[in-house]
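One structure below.
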Amino acid sequence: MSESRTVTRSMLHAFLAALIRSKPGLAGAVILTIFVLAALLAPVLGLPDPVKGDLLARLKPPTISLSGFGAHPLGTDQLGRDILSRIIYGGRVTLMIAALSVLTGGVFGVVIGLISGFFGGWVDRVLMRVVDMQLSVPLTILALLIIASLGPALHNLVMVLALTSWVQYARVVRGQVLAVKSREYIQSARAIAAHPLRIIFHHVLPNVMTPAIVVLTLELARIILLEAGLSFLGLGIQPPDAAWGRMLAEGRTFMSTAWWLSVFPGVAIMLTVLSVNLLGDWLRDYFDPHLEG
Amino acid sequence: MPNYLLTRIGESLLAIWGVVTIVFVVTRVLGDPAVLLLPIGSPAAALAELRSQLGLDQPILTQYVHFLGQAVRGDFGNSYQYMRPAMSVVLERMPATLMLAGSAIIIGIVLGGIAGLLAAIKRNTFVEYIVMFLALIGQATPMFWLGIVMIMFFAVNLGWLPTGGYGSFSNLVLPAMTLGTFVAASVTRLFRSSILDVLREEHVRTARAKGLRPKTIYVWHIGRNALIPVVTMVAILTAELLGGSAVAETVFSWPGVGRLIVQSIETQDFPVVQAAVCLVTTIFVFINLLVDIGYSLLDPRIRSHGGGHE
Amino acid sequence: MKFHARPSSTSHLAMLRTAFAASVALVALSASAEAASLTIGLSSSVNSLDPAQAQVVQTDLSTISELYSSLVTRGPDMKLKGDLAESWAAVDDNTWSFKLKPGIKFPNGEALDAAAVKWNFDRVKSPDTKARNKLWFDPIKSIEVVSPTEIRFITDKPYPALPAQLSMFYLLAPKWTETHNPILEAMGTGPYDLVSATPGDRIVLKAKKDYYGAKPAYDDVTLRIIPEAAARMAAVEAKEVDLAFDIPVADVARLNKENGLAAGWIDSSRMMVLKINTLKAPLDKQAEVRQALNYAVDKKAIADAIYAGASTVSACQLVSPQYFGFNPDLKAYPYDPEKAKQLLKAAGVSGKLDVELEVPLGRYLAASDLAQIIGQQLSEVGINAKIHEMEFGAWAKKYAGGDLGNMALTGQAWPTLDADGLLSLYDSSNPTSYFKNADFDAALAKARSTTDVNARLEQYKIATKIMCEQAPDLFLFSQPTTYTHSKGVTWQARGDEWVRASDVTPAK
């Protein structure tokens, strides 16, 4: 038992050491950590109320400069609310939605993709028809239909976003499984009649993690953007809660009169997507079984 | 092979049926179109009369059976808003959507293909970093935001292109570029990583060991295998673009199917939503069939090992 | 154009450049062709050209009004004037007589006389037509052709708003309609002929050579549908569109500063309110609680902030001064949070009062902003308003189904600009009134029983006063109609949502 703990610890050390050696990976990890920490610690940072606005201080430009932060570092929005505070509090909502949807959709999709690709035959056929069905509906429209009928509550949003994402994993993972499956070692594992689960965990899963992680990073970006798109079409997070996509969509009306309303949430989205991708690329390289040994 | 095709077509029809049913249920939960079709303050009797005209007072199962019977013939009834066959309302918008989706896909594949290849070949160089950074930015930018910025820059400040609308080639440029940027960014990233994956694969090493010329390796093994995930993604994106470019179509006042669907959801024009989604689904299922054939052409192993849809 | 294959790498660039230049030339060409014409940018699409199916003023009805004649029409000065009708008068309490211009003919030679008017009326009333706007003409019992140039409308009871309602009654050619589909095609006696209609994109009109009325200033008119506000503004800035509506209030000042552009706003006939469900706890029993809501919100400050001052605070009534039946004696509830707290306390409300605030999306200017700021001000007097944004259709289903939440942000208007229609939305017989007050109902009924102007005004004074005191609404302010246009044109701004090319003239 203590032996396994030591193994775990040394693996963790190796992992962290490798992360620190990689500049892009580290940058991604640091940016993402800052966003996550800021979101978690929002209530203790002494920020102005993100919901309560001051009508007399609306559409104030950013006050941040070399000499200090000023009253509203990133300015105020159309209702006189502090944008910095809204971005940090909005990060809680946005990151939570993104993480929940990506995880729900990802786990479900990878499992379906593995089963479908590995077993083949009628299992594959049935699952792929379900995937086809799902894929044949344009996802934005599907999301719109569901949100329009169920109402734009947070859990509905997560459900819809997860629903629009699992198929991506399923298809890509299945495609990869098919390619991996034909390799000799799987052929031989099958030949010696190893348990299917064992084959999946030992031979297929490690090979499939690479594309799954790539899809995950693509998906995380897509989900944050889909949330923005839904907000644009009028079906985002319920106010007065802030979410980046909604802030950006609301801010577009002020693009020519108060640029800071749409630029800062946009930057937050971009930095997050960027850091997730950098981290994802590094993770991919790290876990890639071909690079080991 | 004919057996395989028949099975596939049967399965595709089943998929279409599933989608049609889901859309039928969702639209029925959505709301009450009668309320939106009559002037405000209409008495309850007038609303009830309109509901019965539209057949909405029937039991849901009766409505569903009737609906399926008609849908088989491509008849989705009259649009509530436009008061003429829903299918013809959708078909009118189809050329605009096909044109936009087609252009965006072509721009995306060409641009993304070149960029992805470049990034993979010039691994760990300045070129790769620039390409990947641009691809990331392209993926991280919400489409409506990019669209509005494009309009402001190219149409208002420079005055080169129209702000929106439909009709001539110049109208197509901005929306196609906006959608194309997004497609290109996705293709770039996936194509690059896919090439790199394949590069590492054993059979490449084997091929190299056999002493084939490097050029042949690139063209055959890498190109062919690396394209598999890209083909998958393009197929997914096509479905999305056919019906889901609602955002770009709204920003650029492009009279396509995506905007029609959004608008019809807003006005609860069920027949149009159903007709549009069914049409898009059918088109996509057809594309999907082609993709499957494409798969087996690109990766003969799928065929030989009975993995695919055989 | 011919391309020669050149092996050099610059050939692609050159080709691109040529193609680009060609497209630029195309734009330039269309721009110069548009100089003598008028292009108007609308925010939502025109769905049907059939007068019997149209009920949205800004899109369908406005377009139809360019193509067809009506008996009377409302000018930009908000006054009714004759179009096909030369004159009209009430013969008695239940009969209106209209004298028509003689000799008006449709382009195909059909006469637009009293018989044609009767045919159109019967068409709207006939169940076979399934007219969506039949409700508007319900009070009219029958129609009588006196002579080819005189027609009479007979009602069950006095219907003083009849001429105003007839300004939304457009006239088709009977024979032509038998063989054509008026939803897609048009052949009328209006100032313009339909050249083409591209669904979701544009409608192109050409001025009639032999129009009987005043000739409009522009021969070629294009109505373009541009749903996104930023794109609509951009189209005006890029000089593609001469006049556009529904622009963000915040941009009015910016556009005014731009070279060659003007922007502005005008009070619309639509009053923004939080409609209160007075049949649902906790806002059902005591009027004091609803009054407290009215005291708790700083209407002026919100209108100044969100609508940039481009709005008038409601004088404690749904009716704005543009309407017949406006009550000049009423004053808005002042902003007084202390008074609101006292009223709530007196009403026995202790602690937080939880209420729902429904916000239908996509219909009203800055609805989400309004809801958020009102919610915040209400929270300061201890009312916790939970915001539920929803798709307009989903909300309308709740609203019509008797399932309205405690409060909902809505804008209310009545196209005839008569208190009769607007206040009838709160008549307890109306399924969507969510308000039961016998005295109010009685005042409306009395007002409806006479055509005497002063007697009607007296009853509306009573009705509006009851509404102010009972507060079935949190009265807010009028929704502004915002617009922007190039300095090359002059638009006679109007707040009743009609968009007519004849209101536009080249600037001097």
Side-chain angles (χ1 to χ4, degrees), chain B residues 29-44 46-47 49-50 53 79 81-84 89 92-93 96 144 147-148 151-152 155-157 159-173 249-256 259-260 262-263 265-269, chain C residues 19-20 22-24 26-27 30 41 44-45 47-48 50 53 55 127 130 132-136 138 181 183-184 198-202 224-228 230-235 237-241 362 391-397 399-401 412-415 421 424-425 429-432:
Chain B
V29 189
L30 202 60
D32 178 5
V35 184
L36 296 181
L37 293 174
L38 291 181
I40 48 162
S42 292
L47 290 170
E49 194 192 315
L50 181 61
Q53 265 177 32
S79 150
Q81 286 289 324
Y82 297 86
M83 312 199 72
R84 50 204 175 85
V89 172
E92 272 168 12
R93 305 287 188 98
F144 66 85
I148 293 172
I151 290 178
M152 283 177 168
V156 179
N157 289 349
W160 286 357
L161 293 160
T163 55
Y166 176 62
S168 68
F169 174 74
S170 59
N171 293 106
L172 177 64
V173 178
E249 290 181 352
T250 304
V251 169
F252 291 102
S253 326
W254 189 263
R259 211 178 102 204
L260 179 70
V262 171
Q263 201 191 341
I265 291 175
E266 278 167 11
T267 55
Q268 315 206 332
D269 198 341
Chain C
F20 196 64
S23 71
V24 171
L26 239 156
V27 180
S30 61
S44 47
S45 60
N47 293 337
S48 163
D50 184 346
Q53 311 299 352
Q55 39 157 327
K130 299 174 183 170
R132 296 271 164 81
N133 56 21
K134 199 166 135 223
L135 170 85
W136 289 343
D138 268 354
N181 181 0
I183 288 167
L184 289 169
T198 313
D201 180 41
R202 67 187 64 207
R224 270 185 58 186
I225 293 127
I226 310 177
E228 169 62 22
R232 223 156 39 239
M233 288 190 288
E237 289 172 71
K239 306 281 187 284
E240 284 172 34
V241 165
E391 191 64 45
F392 187 86
W395 177 78
K397 185 185 184 181
Y399 174 61
Q412 301 193 311
W414 197 265
S424 73
L425 294 172
S429 69
N430 192 316
T432 56

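Below, all heavy atoms of this structure are taken into account, side chains as well, without hydrogens, waters or symmetry copies. Protein chains get the first letters and strands the later ones, always in sequence-line order, with residue 1 at the start of each.
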Task: Side chain / backbone / both / neither for B:Met83 at chain C, heavy atoms under 4.5 Å - done: both
Open item on the list: With a 4.5 angstrom heavy-atom cut-off, is it the side chain or the backbone of C:Ile183 that approaches chain B, or both, or neither?
Closed with: side chain
Open item on the list: Counting only non-hydrogen atoms closer than 4.5 Å, does B:Leu260 touch chain C with its backbone (N, CA, C, O), its side chain (CB onward), both, or neither?
Closed with: neither
Task: Pairs of heavy atoms under 4.5 Å with chain B: top-ranked of C:Ser424, C:Ala234, C:Ser48 - done: C:Ala234
Open item on the list: Given 3.5 Å as the limit, does a donor-acceptor pair link the side chain of C:Arg224 with the main chain of B:Gly164, or not?
Closed with: yes
- [ ] Please flag which part of B:Gln81 lies under 4.5 Å from any non-hydrogen atom of chain C: side chain, backbone, both or neither.
- [x] both
TODO: Look at the side chain of C:Asp201 and the backbone N and O of C:Thr198, then say whether any donor-acceptor pair between them is shorter than 3.5 Å.
DONE: no
Open item on the list: When you measure from the side chain of B:Trp254 to the backbone of B:Ala96, do you find a donor-acceptor pair of N or O atoms at a distance under 3.5 Å?
Closed with: yes
- [ ] Determine whether the side chains of C:Glu228 and B:Ser253 contain a donor N or O and an acceptor N or O closer than 3.5 Å.
- [x] no
Open item on the list: Tell me which of these, C:Glu237, C:Gln53, C:Arg232, has more heavy-atom pairs under 4.5 Å with chain B than the rest.
Closed with: C:Gln53
- [ ] Mind telling me whether C:Phe392 and C:Trp395 have parallel, tilted or perpendicular rings, with 30° and 60° as the class edges?
- [x] tilted
Task: Top contributor to chain B contacts, counting heavy-atom pairs under 4.5 Å, from C:Ala238, C:Ser44, C:Gly200, C:Pro127 - done: C:Gly200
Open item on the list: Within this structure, what is the CH2-CH2 distance for the pair C:Trp136 and C:Trp414, rounded to the nearest 0.5 Å?
Closed with: 9.0 Å
Task: Among C:Ala235, C:Ala230, C:Gly421, residue most engaged with chain B (heavy-atom pairs, under 4.5 Å) - done: C:Ala235
Open item on the list: Under a 4.0 Å threshold between the charged nitrogen and the carboxylate oxygen, would B:Arg84 count as salt-bridged to B:Glu92?
Closed with: yes
Task: Contacting moiety of C:Arg132, where chain B heavy atoms sit under 4.5 Å - done: both
